[in-house]
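See below for the structure under consideration.
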There are 2 protein chains.
Amino acid sequence: MQSRNPKKSTRSRIIESAKKLFAEQGYQKTTVIDISRQVGLSEAALYEYFKNKEDLLLTIPDLWVSDLLADLDGQLFGIKGTVNKLRKFFWWYLRQVEQSPLDAKIVYLILKTNANFMTTEVFSNVKILYSHLLDIFEEGRESGELRPNLKPYLARAIFIGTMDHIITRWFLKNMSYSLFDNLEELFNLMVDGFRNPSTIAANHDGEEANGIKLNKEC
Amino acid sequence: MQSRNPKKSTRSRIIESAKKLFAEQGYQKTTVIDISRQVGLSEAALYEYFKNKEDLLLTIPDLWVSDLLADLDGQLFGIKGTVNKLRKFFWWYLRQVEQSPLDAKIVYLILKTNANFMTTEVFSNVKILYSHLLDIFEEGRESGELRPNLKPYLARAIFIGTMDHIITRWFLKNMSYSLFDNLEELFNLMVDGFRNPSTIAANHDGEEANGIKLNKEC
DNA sequence: ATGAGAGCTTAATAGCATTAGGTTTTAAAT
DNA sequence: ATTTAAAACCTAATGCTATTAAGCTCTCAT
């Protein structure tokens, strides 16, 4: 879309510069002078747009997580089957991380350790994001696709824990590989434990499992 | 000045005070003056014992993780069966976290996201800790207790991810419940996906296995 | 033209980590 | 007991950083 202003607003430019610097150097090591110089302003000017440095930090991933949330419903729409929904969620989320690595890095490596994180808008949006998973797990239990005794919040702990772990690891290894390497195998290994043993076929190539199929891998 | 406890070294007292303050208030919000006042020293005195504030921070969990490492071998000694070893690891580690919450909190909420974390002694010890899991998974694959196509590092990602997640969550909820609540169920849900389908009976703590029995042998 | 507000600026202020340079305490050697 | 040197500690800088004060300079609706 074409904006009336050929130039981006000052506020946007501050956010973009801060995002890069925070993601590259970390929050503490990035100074307000660093940011203002990169934007081409005096330090004091930043305080016209943000209450303080932390306010600037928190503003950055706020929009990102809001966008995620807005996108999620549409992504899951029309997908049938709990495992298929879980797969979609997994791939979709990792794709978002790979496409917005700066935002994601700030969320994963800076925000989560911030004492005020739990009082932010970001946090409550993340909670909503995660609550979708609870619904999916519950639905799968009721439909019989997942184990009848599966507790949704336990399955969610495994699901999110695994996702967070591979994302954090990816950042700590400087994003030197693709998040999608071996993802299919990882997903199946994780989700197979959730499946209803009455209907499961130990199926690791992504095909839909219909009926009972005993699989010997010898 | 006042007579101090001659038994504890000044260095130890600095570490103890800093540990409490860092865990309570976070790293950034704890000042060197805070620490030195709590110990009963001037700020400058701290620099006789530590290179700088970050050095002090990194020193704190170093001993803890070293102790963990020293304890682990003995804990796993004599345990037969891969799942039993995994269970022991799980319970042992969470117990250590519950018993040393200050150290663990510093590792989980401050250190792991620190840019320098990967260059620390703590990090290399954590890596050794995690490498034990790789061995356990590999052994389980070879013995046939786990799936023959299980990739140890994928199973480890799920295992550690899940552990880290419930620990982090516990800290963010101010340790207001026991880490061991529902732990048995969580463990089984996670590990069942790793088991070899040829030998598994979906058996959850006393629950009857479901109707379908998978194959015995090839 | 005017005056009010948006968008900046320079220059102060206060807090912090860290260091310089010195004094006191300790303990061993004389 | 005195000397001596290192260890342990102190007060007082230093320099960096976030934040604020106070004011300048355009723009533009009236």
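The chains referred to below are lettered A, B, ... by the order of the sequence lines, with proteins before strands, and numbering in each begins at 1.
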Counting any heavy atom closer than 4.0 Å, what does Thr31(B) reach on the DNA or RNA strands: base, sugar-phosphate only, or nothing?
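Touches sugar-phosphate only.
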By the 4.0 Å heavy-atom rule, please label Tyr49(B) as base, sugar-phosphate, or nothing.
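Here Tyr49(B) touches the backbone only, sparing every base.
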For a quick test of reading the model, state the closest non-hydrogen atom pair linking Glu185(B) to Asn149(A) and the distance between them.
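Taking Glu185(B) first and Asn149(A) second, the nearest heavy atoms are OE2-O, 4.3 Å.
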Nearest-Å distance for atom pair [atom1]/[atom2], residues [X] and [N]:
| X | N | atom1 | atom2 | answer |
| --- | --- | --- | --- | --- |
| Lys29(A) | dC16(D) | NZ | C1' | 15 Å |
| Gln28(B) | dT17(D) | CD | P | 15 Å |
| Lys53(B) | dG15(C) | NZ | C1' | 12 Å |
| Lys51(A) | dA18(D) | NZ | C1' | 14 Å |
| Leu41(A) | dT10(C) | CG | P | 11 Å |
| Tyr47(A) | dT20(D) | OH | C1' | 9 Å |
| Leu46(A) | dT20(D) | CG | C1' | 14 Å |
| Tyr27(B) | dA17(C) | OH | P | 8 Å |

With a 4.5 Å limit on heavy-atom distance, are the side chains of Ile158(B) and Phe194(B) in contact?
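Ile158(B) reaches Phe194(B) side chain to side chain.
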Show your working on side-chain contact (heavy atoms from CB on, under 4.5 Å) between Leu133(B) and Leu86(B) and close with a plain yes or no.
CA-CA 8 Å; Leu133(B) 282 173; Leu86(B) 290 175; 3.9 Å; yes
For Thr30(A) and for Ala45(B), locate the closest nucleotide of DNA chain D by heavy-atom distance; then report the residue assigned to the nucleotide nearer the 5' terminus.
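It is Ala45(B), whose closest nucleotide lies nearer the 5' terminus.
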For the residue pair Glu43(B) / Ser36(B), report whether a side-chain donor-acceptor contact shorter than 3.5 Å exists.
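No, no side-chain donor-acceptor contact under 3.5 Å.
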If you compare every side-chain N and O of Thr10(B) against the phosphate oxygens of dA8(D) (OP1, OP2), does one of them come in below 4.0 Å?
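No, no such contact exists.
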Can you work out whether Glu48(B) or Glu54(B) has the more 5'-proximal nearest nucleotide on DNA chain C?
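With Glu48(B) and Glu54(B) compared, the 5'-side residue is Glu54(B).
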Quick check for you: among dA21(D), dT19(D), dC10(D), whose closest atom lies nearest to any side-chain atom of Glu43(A)?
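Of the options given, the side chain of Glu43(A) lies nearest dT19(D).
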Do Lys53(A) and Tyr47(A) form a cation-pi contact, if we require the NZ or CZ to be under 6.0 Å from the six-membered ring centre and within 45 degrees of the ring's axis?
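Lys53(A) over Tyr47(A) ring: no.
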